[in-house]
Colleague: 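The structure is given below, and queries will be raised subsequently.
For ligands, and for the atoms within them, numbers begin at 1 and follow the listed sequence. Keep in mind it's a predicted model, so treat the numbers as computed, not measured.
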Amino acid sequence: MQRLSILLISIFCFGFLQAEDGYKLWLRYDPVTDPQLLVHYNKNIRGFMIEGSSSTLLAAGEEVKTGLSLMLGIDIPQVSSVRKHGVIIAGKPGDSGVIASLNLKDKLSKVGDEGYIIVNTRYRHRKVIVIAANSDAGVLYGTFHFLRLIQTHQNISELSVESAPKTKIRLLNHWDNLNRSVERGYAGLSLWDWNALPGTVDPRYADYARANASIGINGSVLTNVNANALILTREYLEKVAVIANIFRPYHIKVYLTARFSAPIEIGKLKTADPLDPDVIEWWKKKADEIYEHIPDFGGFLIKANSEGQPGPQNYNRSHADGANLLADAVAPHGGIVMWRAFVYDNNVPDDRAKQAFNEFVPLDGKFRKNVLIQVKNGPIDFQPREPFHPLFGAMPKTPLMPEFQITQEYLGSSVHLVFLAPLYEECLKSDTYAGGKGTSVAKIIDGTLDKHQLTAMSGVSNIGNVRNWTGHPFAQANWYAFGRLAWDPYMNSSDIADEWIGMTFSNDNGAVERIRKMMLDSREIAVNYMTPLGLHHIMYSGHHYGPGPWVDRGRKDWTSVYYHRADSAGIGFDRTSKGSDAISQYLQPVREIYEKRETCPENLLLWFHHVPWDYKLKSGRTIWDELCLRYDGGVKSVRWMQGEWGNLKEFIDKERFEEVRALLIKQERDAKIWRDGCILYFQTFSKRKIPEGVEKAEKTLDYYMNYRYTDIPGISR
Ligand code: GCW
């Protein structure tokens, strides 16, 4: 009877009858239907106790209650003492006599502020599962972990989990404008409804916070790095405070972008010079005001002197002067500053890939303690493949945080199925050699190499107000993967995929295997049909969606010809010592490996070398033939994904199955446009025959050059 009523409630509340719209993300809590597993869970879970009463612990309690009843199909009672086997006890030793009595001190001392442990043990001879932590946030994270075990059908009778985040600050960067447009956003409007705030609060704010908490994200930069000073006015701060209040129980802090010229724009000062006493005073007062509204405000993210944004260099001051100005303003309140290294200038004649390094390395050691430098994963700009950024390992005195792009600006927006964990993993695992062999980027950003306490990772969000949050159902996996890697930059993509698939689609082994393979291969597939062999930045200007290798007008470092350098002799950007010498920014032996054509990884060859069209690769094929075959292979692989997805029909609900199926058709169309446009264009230089096996283009080069998309998601055309 009880089981039936729960079922009815869940049908009513969670809409079995309603179309499967993806809103619930990976927190679906689908019923466990395997009878054996159900017996196992029912035996081990008979009640739960949440020790403590903070809003964070209440949120944890709600989650356990909802999650367990949905998955197990029965109401799991909240209890106040352990009178039977199978009670889950969640809390901190300080709040819980039970937990304090369990001798978990040693384990807890290892997991720090935000970590947790999950163990099976006994309390007064009764079998219990303990989720313990040193803080309420740790308990919340542990709760989500425990639920994930059930969501992914794990055994829960021998648990011995100890988990602590390897970075301190794990945050999403929203490139959201105050008018609700989202720069490089492909999932509708911004979630933040500034006009309605502070009076009207969208329930999605709490769902957003909950989803983030479930993967360990603890901060959110609400506004675009191309910043609007208005966000710092009292009116907006009141709105921001409302959002911060909603996020707080989920242990998520709010951060804002600071427009460097704000003292002029909203402060009526004549200058924004970082050394001017009035400017210093203005920022100090502004910070005080922000903290009056939001006592746990996280701090500022700043894009300065880049792509037209104002900055300290407008006053002949350095990035350090600028960052320190803001750092001093927020320091008394415990705030931080994340200063972006994404700077390059059209008027600097040097290779764009070198500019951030050239500007920032001399400043190492000049930043205040509460400043992090935020570095994109590659030296150009979120390309389908880039080498790791040479700044990683080059500024030992400064904490560096990576900025990954979750939104698919250069990877097919929310139309293409591209799982980005392998891209993030590739960067995090790259060996910088900064502390000798084995010094991965992960070791630099988690602070272990240079003993930094302040560590962080950020991802540019792909979230908007469309019903399923991210547009493509699989794009949810990129949000998920980012969170998991920010928690543990050493995780591998395959494990992340498995978790996500189990929670989002199915736990059937065969289905998981199929979906995992599609996901893990998808990034390389996109590289193949977009920018194989180290090509980069050859997309159409503006929307960055389709191909545009022919783009040669406008700002030089925004053209494609600047990057691919195709001519009658060959193709690729010579960044060796004979070319732009960007390789000199890497440490040995990386430098030497990249310097020589023979040792340079082929997947980065055209990033570092200009090679003749008949240059032979390891396959024995010429670069021209290989290029064509990769493009063609990319298209064929998309068809393979279509086939694989087709085979999954019985495991996926109709709505999401159809949605992905339709998107894969578009992805094939786009892959073909990329392939045919690029091959025909590069052929005008190579003057070579297209190798056998490559499908013939249906149209002429002229057609592709003039092709205009009418269906790229996003708000501006
Ligand atoms: O890649 C470029 C994007 C811009 C973005 C910029 C940046 C927010 O095309 O839209 O601006 O990077 O990261 O600052």
Colleague: Which ligand 1 atoms are under 4.0 Å away from a heavy-atom of H544?
Modeller: 9 (O)
Colleague: Measuring from non-hydrogen atoms of Q309 to any atom of ligand 1, is the shortest distance under 4.0 Å?
Modeller: no
Colleague: Below 4.0 angstrom from a heavy atom of F342, which ligand 1 atoms are there? Numbered from 1 as shown, please.
Modeller: 6 (C), 7 (C), 12 (O), 13 (O), 14 (O)
Colleague: Report the distance from atom NE2 of H536 to atom CG of D381, rounding to the nearest 0.5 Å.
Modeller: 11.0 Å
Colleague: If you have a sec, work out which protein heavy atom is nearest atom 6 (C) of ligand 1 and how many Å separate them, to one decimal?
Modeller: E307 OE1, 3.2 Å
Colleague: Do any nitrogen or oxygen atoms of R340 come within less than 3.5 Å of a nitrogen or oxygen of ligand 1?
Modeller: yes
Colleague: In the protein, which heavy atom is nearest to atom 4 (C) of ligand 1, and how far is it?
Modeller: E183 OE2, 3.3 Å
Colleague: Decide whether a cation-pi geometry holds between R180 and W194; the criteria are a distance under 6.0 Å from NZ or CZ to the six-membered ring centre and an angle within 45° of the ring axis.
Modeller: no
Colleague: So which protein heavy atom does atom 12 (O) of ligand 1 come closest to, and at what separation?
Modeller: K376 NZ, 3.2 Å
Colleague: Counting heavy atoms only, name the option from I380, N226, N173, T407 that's nearest to atom 8 (C) of ligand 1.
Modeller: N226
Colleague: I'd like to know whether the aromatic ring centres of Y208 and W192 sit less than 6.0 Å apart in this structure.
Modeller: yes
Colleague: Between H544 and F382, is the gap from one ring center to the other below 6.0 Å?
Modeller: no
Colleague: Run the ring-centre check on Y545 versus H416 and record whether the distance is less than 6.0 Å.
Modeller: yes
Colleague: R184 versus ligand 1: do any nitrogen or oxygen atoms come within less than 3.5 Å of each other?
Modeller: yes
Colleague: Verify, without hydrogens or angle tests, whether Q585 (side chain) and K354 (backbone) share a donor-acceptor contact under 3.5 angstrom.
Modeller: yes
Colleague: Can you measure from CD1 (I463) to CG (N478) and round to the nearest 0.5 angstrom?
Modeller: 11.0 Å
Colleague: For the ring pair F573 and H537, is the centre-to-centre distance below 6.0 Å?
Modeller: no
Colleague: Considering heavy atoms of the protein only, find what lies nearest to atom 1 (O) of ligand 1 and give residue, atom and distance to 0.1 Å.
Modeller: D381 OD2, 2.1 Å
Colleague: Between E386 and K376 (salt bridge meaning N to carboxylate O under 4.0 Å), is one present in this structure?
Modeller: no
Colleague: With heavy atoms of K303 as the reference, note each atom of ligand 1 found under 4.0 Å away.
Modeller: 6 (C), 7 (C), 8 (C), 11 (O), 14 (O)
Colleague: Out of all atoms in ligand 1, which are within 4.0 Å of some heavy atom of Y410? Include the element for each.
Modeller: 1 (O)
Colleague: Would you mind checking which non-hydrogen protein atom is closest to atom 3 (C) of ligand 1, with the distance to 0.1 Å?
Modeller: E409 OE2, 3.3 Å
